Each structure stands twice: as C-alpha cells, then as structure tokens.
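In listed order, ligands and their atoms are each counted from 1. Quantities reported herein were computed from a predicted structural model and do not represent experimental measurements.
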Amino acid sequence: MKRIAILAAVGLLGAVVGCSKSEQAPKELNLFAWSEYVPQSVIDGFTKETGIKVNYETYASNEEMLAKLVSGAQRYDLIQPSEYTIEALAKEKSLREIDLAKVPNVVNIGKQYKYLPHDPQNNLSVPWMTGTVGIVVNTDKVKDDIKGFKDVFQEKYKGRIVVLDDPREIVSWALATIGKGPNDVTPENLEAIKPILAKWLPLVKVYDSDSPKTALLNGDVDIGVVWSGEAALLYQEDKKFKYILPSEGAHMFIDSLAIPANAPNPEAAMLFMNYILRPEVSKQISVDFPYTNPNVEARKLLTQEELDNPASYPPGSPKLDTFRDIGDSAVQIDKVVTDMKAQG
Ligand code: N2P
C-alpha cells in the first residue's frame with residue numbers, strides 16, 4: 001500500500017513537473033538558414049507536431065550570416081553554417097554545446113561526417129546536407145568538352161556565365177587553377193590570382209548564390225559554377241544540363257545546424273535538430289533540395305533515380321577538399337573579389 005502511495009505521489013509530482021515544463025515550453029524558433037535549403041513542408045510539419053512557430057530568415061553566404069549574427073540585431077536559435085564557419089564560431093565560443101541526449105536521431109548520420117576538424121568533439125553541430133561546387137553546362141548550347149574552370153572562363157563564353165556570388169568560393173576556384181588548395185590563402189597566392197580574376201570576372205553575366213539554376217533554366221546563360229543541389233535540380237528538369245567536378249580540384253561543403261551561444265530558445269533548437277534527423281523528414285529535404293544527404297537512413301528512402309543523379313551523388317570517389325577557417329584572411333578575400341568586380 002505504502003509503495004503504491006509513493007508511486008502515486010511520484011506520478012503526481014511527475015505530472016506537476018510536466019505541467020510546469022509545458023508552461024515554459026518553447027513557443028517559437030528563430031531559424032536563420034540558407035535560402036533554397038529548408039522545405040516549407042518540413043517547417044510546417046515541425047510546427048504541426050510541436051506547436052512551435054518557426055521564424056525562418058534566409059541568407060546566401062556564410063559571411064552574410066556571420067555579419068548579421070555578430071551585429072546582434074537579432075538573436076537566433078539555429079543557424080546553418082558550413083564547416084569553416086562552424087570552426088570560426090567555435091573558436092570564438094559563439095556556439096552552444098548540444099545536449100545530444102535530446103537529439104537521439106543523430107545516430108542516423110554517417111560516421112564519415114562526425115568528429116571532423118570543425119567539430120572535433122561532435123557536440124556543436126548536426127549535419128544538414130553536404131555537397132560540392134561544380135560546373136553546369138547546357139550541352140545544347142555548349143558543344144566543347146568542359147572539364148575545368150579554365151574551360152569555363154573563356155572569352156567565347158563572355159556574357160553566358162553564371163557563378164555563385166561568394167568570394168571565398170570564387171577565390172578557391174582561381175587558387176585551384178594555380179595548383180593551390182582552397183585553404184592556401186596567403187598574401188602571395190592572393191596576389192597570384194589577381195590577374196586570373198581580372199580575366200574571369202568580366203566574363204560573368206550573373207552572380208547568384210540563391211538560385212543560380214534560374215539563369216540556366218531561363219536560357220539567360222549557358223554555363224556556370226554552382227552548388228551541386230542546384231545542378232541536380234537542373235538535371236532533373238532536363239538531362240541536357242551536365243554536372244562536372246572541376247578537373248583542377250573540387251571541394252565539398254558540410255552545412256550543419258548549430259545553436260548560437262545566445263540563442264533564446266535552445267530547447268526548440270534541439271527539438272528541430274532531432275526532427276530533421278528523422279529519416280522521412282530528411283528524405284523530404286533531399287527531394288526538394290537534392291544535395292548529398294549525410295543521413296544514412298534517409299538515403300535508404302531515396303529512389304534509384306535520385307541516387308543516380310550525378311550532381312547529388314558524384315560517381316567514383318573524387319578527392320574533395322573542405323574549407324577551413326582562415327581567420328583574418330577572409331577579409332582579404334572579400335576585398336580582392338570586390339575590387340576585381342568593380343574593375344570589371
Ligand atoms: C543552398 C545553398 C547551399 C549551401 N541554397 C552551400 N554551402
């Protein structure tokens with residue numbers, strides 16, 4: 001009898017705690033993420049299940065996100081940085097440690113995406129999507145065999161090129177053509193690529209990091225250097241759009257969810273992390289934005305056709321670099337590209 005009374009009391013206590021907890025349950029989630037990356041259906045599904053309203057603000061580069069974050073104009077619960085930006089934020093102690101007990105679905109992430117240099121303890125970020133940056137060619141219009149950056153940036157394609165509006169990216173492509181890796185950002189190497197950029201940038205018609213596929217679909221341009229997921233959507237639309245990993249060297253990005261140290265609703269952030277790591281939710285992200293899905297269980301739910309898209313899942317095992325935090329050199333990169341654009 002006594003035992004039952006104790007259990008009942010504990011149960012009651014549990015109910016009381018549960019109740020007071022639900023009174024404090026997060027009501028909203030401030031998500032600051034890349035554009036063309038988070039399906040509305042995923043946001044709606046999360047809100048339907050949890051009652052948490054998602055305020056989704058977008059950005060088109062890591063640097064844009066960082067600038068806004070640092071300005072403090074707005075506090076976010078979740079951001080979606082690439083690996084090198086996670087590394088930079090971690091150095092500044094600007095990220096909150098994730099309580100992984102609250103994100104059990106993290107087991108679905110492939111082990112090659114864990115304990116990487118940008119998150120060596122694997123407790124600051126949860127992978128969203130990974131991908132590459134490569135060349136897309138409208139093969140109806142471009143008959144040459146395009147293999148690398150040098151083939152893209154030719155006088156004959158002047159006014160027919162779209163590229164990402166992203167200085168770190170653009171500089172990495174030029175570095176590749178002089179045999180340097182994307183992290184070899186020294187003053188000498190930046191000097192060495194200036195003439196290359198001076199030749200390349202005037203050939204570009206459209207700079208677009210949000211939706212570079214649009215200019216290719218519209219026929220405004222015939223060739224470009226874009227995110228792999230954008231290329232995958234083009235390929236789905238029409239097989240004439242071919243994706244090529246640049247012969248001079250390609251890199252892979254790993255975009256993850258992370259919680260800023262000053263997030264107002266970290267509990268909501270972890271609920272969202274766990275939600276998007278469900279195989280069926282993660283699959284939905286892949287369907288709308290066909291990047292390389294790091295979620296092993298979600299990949300099992302993809303169709304053969306989706307897995308055979310060469311932009312989403314490049315055949316073979318290409319050697320891919322990843323960006324690292326390069327500290328203050330990032331400012332130099334910005335300056336070089338902005339100056340060159342102005343000259344073009
Ligand atoms: C999504 C952009 C992909 C992010 N629109 C590249 N890091």
Side-chain angles (χ1 to χ4, degrees), residues 31-43 56-69 76 78-89 113 116-119 125-136 162-173 182-183 206-217 224-237 241 243 245-246 250-258 276 282 284-295 309 311-314 320-326 330 333-334 337:
L31 170 66
F32 193 26
W34 292 84
S35 54
E36 303 286 310
Y37 223 13
V38 184
Q40 190 57 45
S41 60
V42 167
I43 291 179
Y56 173 30
E57 209 180 301
T58 64
Y59 55 83
S61 73
N62 283 290
E63 292 66 30
E64 182 188 344
M65 182 271 287
L66 271 183
K68 201 126 187 229
L69 195 69
Y76 300 100
L78 269 184
I79 50 175
Q80 199 183 35
S82 303
E83 66 299 306
Y84 71 101
T85 305
I86 292 174
E87 193 179 0
L89 287 165
Y113 302 108
L116 295 176
H118 62 274
D119 187 2
S125 61
V126 160
W128 175 268
M129 282 287 158
T130 74
T132 54
V133 171
I135 301 166
V136 175
V162 58
V163 299
L164 300 173
D165 194 6
D166 190 307
R168 178 88 201 251
E169 283 293 340
I170 294 174
V171 161
S172 79
W173 312 336
N183 301 308
V206 180
Y207 290 93
D208 186 357
S209 291
D210 289 303
S211 182
K213 64 181 168 304
T214 305
L216 282 145
L217 269 178
V225 185
V226 305
W227 314 120
S228 56
E230 291 278 307
L233 288 169
L234 286 165
Y235 183 77
Q236 264 178 26
E237 189 70 27
F241 292 110
Y243 187 63
L245 283 179
H251 75 93
M252 161 177 127
F253 53 79
I254 303 170
D255 297 328
S256 300
L257 292 176
I276 64 98
S282 179
Q284 189 53 43
I285 301 170
S286 266
V287 168
D288 286 14
F289 302 109
Y291 287 85
T292 312
N293 198 324
N295 185 314
N309 189 319
S312 311
Y313 299 96
L320 298 166
D321 288 315
T322 43
F323 286 180
R324 299 294 305 267
D325 173 38
I326 48 164
I333 283 189
D334 243 38
V337 175

Check your understanding: So, D166 versus S209: side-chain donor-acceptor pair below 3.5 Å or not?
Key -> no
Exercise for review: Examine the proximity of ligand 1 to S209 and report which part, side chain or backbone, both or neither, has a heavy atom under 4.0 Å away.
Suggested key: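 It is neither; nothing of S209 touches ligand 1.
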**Study point:** Residue portion contacting ligand 1 (non-hydrogen atoms closer than 4.0 Å) for F289
**Key:**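 Neither part.
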Check your understanding: How about E169 and V133: do any of their side-chain heavy atoms sit closer than 4.5 Å?
Key ->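 Heavy-atom side-chain distance check passes, below 4.5 Å.
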Check your understanding: Are E87 and P117 side-chain neighbours, meaning at least one heavy-atom pair lies under 4.5 Å?
Key ->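 Not in contact.
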Check your understanding: Starting from atom 5 (N) of ligand 1, which protein heavy atom do you reach first, and at what distance in Å?
Key -> S35 O, 2.6 Å
**Study point:** Residue and atom name of the nearest protein heavy atom (relative to atom 3 (C) of ligand 1), distance in Å to one decimal
**Key:**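 Here the closest protein heavy atom is Y291 OH, 3.5 Å.
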Practice item. Decide, yes or no, whether a salt bridge links E57 with K68 under the criterion of side-chain N to carboxylate O below 4.0 Å. Key: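 Yes, charged N to carboxylate O under 4.0 Å.
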For ligand 1, which atoms, with element, lie under 4.0 Å from some heavy atom of [X]?
X    : result
F253 : 6 (C), 7 (N)
S82  : 7 (N)
E36  : 1 (C), 5 (N)

Point to revise | Heavy-atom nearest option to atom 4 (C) of ligand 1, drawn from D210, D255, T130, T132 | key: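 Going through D210, D255, T130, T132 one by one, D255 has the nearest heavy atom to atom 4 (C) of ligand 1.
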Review point. Which of parallel (below 30°), tilted (30 to 60°) and perpendicular (above 60°) describes Y37 and F289?
Key: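 Y37 vs F289 ring planes: perpendicular.
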**Study point:** Check: Y59 ring centre within less than 6.0 Å of F32 ring centre
**Key:** yes
